[in-house]
Visitor: 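Before I ask anything, here is the structure I am working with.
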Amino acid sequence: MAESTPAPADMFDTSTILPTAPVGDDGAPFEVLHDREYRVRAYRKSDDLLLIRGAVRDQKPPGLYIDIDPEPMTIHHMQVDLEIAFPTLEIVGATVGIETHPSAACPSIEDHYGKLVGLSIARGFTHKVRELFGGPRGCTHTTALLQAMAPVAIQCMWSMRASQARRAGDSGGQAQEPTPEQRRMMWQTNLNTCHVWAEDGEQVQRLEAGGDFEPPIWAAERMVELGLKPDAWRQRMQS
């Protein structure tokens, strides 16, 4: 798959996101049998195009399958690139790479994922992915990866606006004010995705009435740490 310029090693926190390793009643740690890792990263390719790059890797611990083997063993490694139009969230390009696999026939399904082109990665995507690539119609690990990648594209509705505002500020320009329709589109991608975004819930009703976006807790806390007023979040996201 095509290589991209790597992000600085210290751009993101790479510490484990799992809880502390479990132990038994005797204080001994449980035996580790398997590790699955998903990694998804989003890039702004242009003002109207996103690149969502994802990978999944399964590993077995050293010595589990071959007792003299001192290294972890990768048994699956799949990579996916999705090019997604912004703000429509239509997939305009898809590339799958099956890098580590148990059967020589596994990579033969890669081109089948070209059927992703033309799909919306927003509403109905999970159902369509299962329909097109579920079971014998695809690679189970690649299909699971796609379902992990879709929410990242939705998150980028906000990130693209933030990027636009930042770049306009850096150049001395002014970010384009979103129209009411664009503003509504930004939050409608979250509609009914969880209990907070239920269509009959308090948050959606406030936005439908023209209310402001409340800053997320993580944003408000970080802005306070930086000596900023949390209310400035609205200006940054809506400018």
Visitor: Kindly indicate, with the supporting measurements, whether the criterion side chain to side chain contact (heavy atoms under 4.5 Å, CB included) is fulfilled by Arg36 and His141.
Guide: CA-CA 10 Å; Arg36 166 162 282 202; His141 313 293; 2.7 Å; yes
Visitor: Give a yes or no on this: more than 12 heavy atoms of other residues, nucleotides or ligands lie within 6.0 Å of atom CD of Glu131.
Guide: yes
Visitor: Which residues satisfy the salt bridge (Lys or Arg N to Asp or Glu O under 4.0 Å) test with Arg44, sequence neighbours excluded?
Guide: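 With sequence neighbours excluded, Arg44 shows a salt bridge (Lys or Arg N to Asp or Glu O under 4.0 Å) to Asp47, given in chain and number order.
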Visitor: Scan side-chain atoms only and decide if Tyr113 and Thr143 contain a donor-acceptor pair under the 3.5 Å cut-off.
Guide: yes
Visitor: Does the side chain of Thr100 reach to within under 4.5 Å of the side chain of Asp58, using non-hydrogen atoms?
Guide: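 A side-chain contact is absent here, since even the closest heavy-atom pair is not under 4.5 Å.
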Visitor: Would the distance check show the side chain of Gln205 and the main-chain N or O of Asp200 forming a donor-acceptor pair, the cut-off being under 3.5 Å?
Guide: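 Judged by distance alone, yes, a pair lies under 3.5 Å.
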Visitor: Take a 6.0 Å sphere around CG of Asp26 and say whether it holds more than 12 heavy atoms from other residues, nucleotides or ligands.
Guide: yes
Visitor: Are any non-hydrogen side-chain atoms of Glu90 and Leu119 less than 4.5 angstrom apart?
Guide: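 Contact flag for Glu90/Leu119 side chains = no.
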Visitor: Between the side chain of His76 and the main-chain N/O of Val56, is any donor-acceptor distance below 3.5 Å?
Guide: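 Pair absent, no side-chain N/O of His76 close to backbone of Val56.
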Visitor: Under the ring pair (Phe, Tyr, Trp, His ring centres under 6.0 Å) definition, can you give me all pairs with a residue in residues 77-111, not counting sequence neighbours?
Guide: none
Visitor: Nearest 0.5 Å, please: how far is NZ in Lys128 from CD1 in Ile121?
Guide: 14.5 Å
Visitor: So with a 6.0 Å cut-off around NZ of Lys60, is the heavy-atom count from everything else above 12?
Guide: yes
Visitor: For Leu146 and Val80, run side chain to side chain contact (heavy atoms under 4.5 Å, CB included): C-alpha distance rounded to whole Å, both residues' side-chain angles, the deciding distance at 0.1 Å, then the answer.
Guide: CA-CA 8 Å; Leu146 285 169; Val80 175; 3.9 Å; yes
Visitor: For the pair Gln59 (side chain) and Ile75 (backbone), establish whether a donor and an acceptor sit closer than 3.5 Å, ignoring hydrogens and angles.
Guide: no
Visitor: So, using side chain to side chain contact (heavy atoms under 4.5 Å, CB included) as the criterion, who are the partners of Ser120 when residues are at least two apart?
Guide: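 Side chain to side chain contact (heavy atoms under 4.5 Å, CB included) list for Ser120, sorted by chain: Ala122.
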Visitor: Does a sphere of radius 6.0 Å around CG in Asp69 hold more than 12 heavy atoms from other residues, nucleotides or ligands, not counting ones at 6.0 Å or beyond?
Guide: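 Yes, because the 6.0 Å sphere around CG of Asp69 holds more than 12 heavy atoms from other groups.
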Visitor: Between Ser163 and Arg167, is there a side-chain donor-acceptor contact under 3.5 Å, judged purely by atom types and distance?
Guide: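 Judged by distance alone, the side chains do pair up.
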Visitor: Is any side-chain N of the basic residue among Glu37 and Arg39 closer than 4.0 Å to the acidic one's carboxylate O?
Guide: yes
Visitor: First locate atom OG1 of Thr142, then atom CE of Met149, and finally report the distance between them rounded to the nearest 0.5 Å.
Guide: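 Rounded to the nearest 0.5 Å, the OG1-CE separation comes to 10.5 Å.
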Visitor: Quick check: do Leu116 and Leu82 have side-chain heavy atoms less than 4.5 Å from each other?
Guide: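 When only atoms from C-beta onward are counted, Leu82 and Leu116 do touch, with a gap below 4.5 Å.
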Visitor: Atom OG1 in Thr74, atom CD in Glu99: separation rounded to 0.5 Å?
Guide: 11.5 Å
Visitor: Given Asp81, which partner from the list Lys45, Arg53, Arg41 fulfils the salt bridge (Lys or Arg N to Asp or Glu O under 4.0 Å) test?
Guide: Arg53
Visitor: Side chain to side chain contact (heavy atoms under 4.5 Å, CB included), that's the test. Do Phe133 and Val96 meet it? Break it down for me.
Guide: CA-CA 13 Å; Phe133 311 113; Val96 167; over 6 Å; no
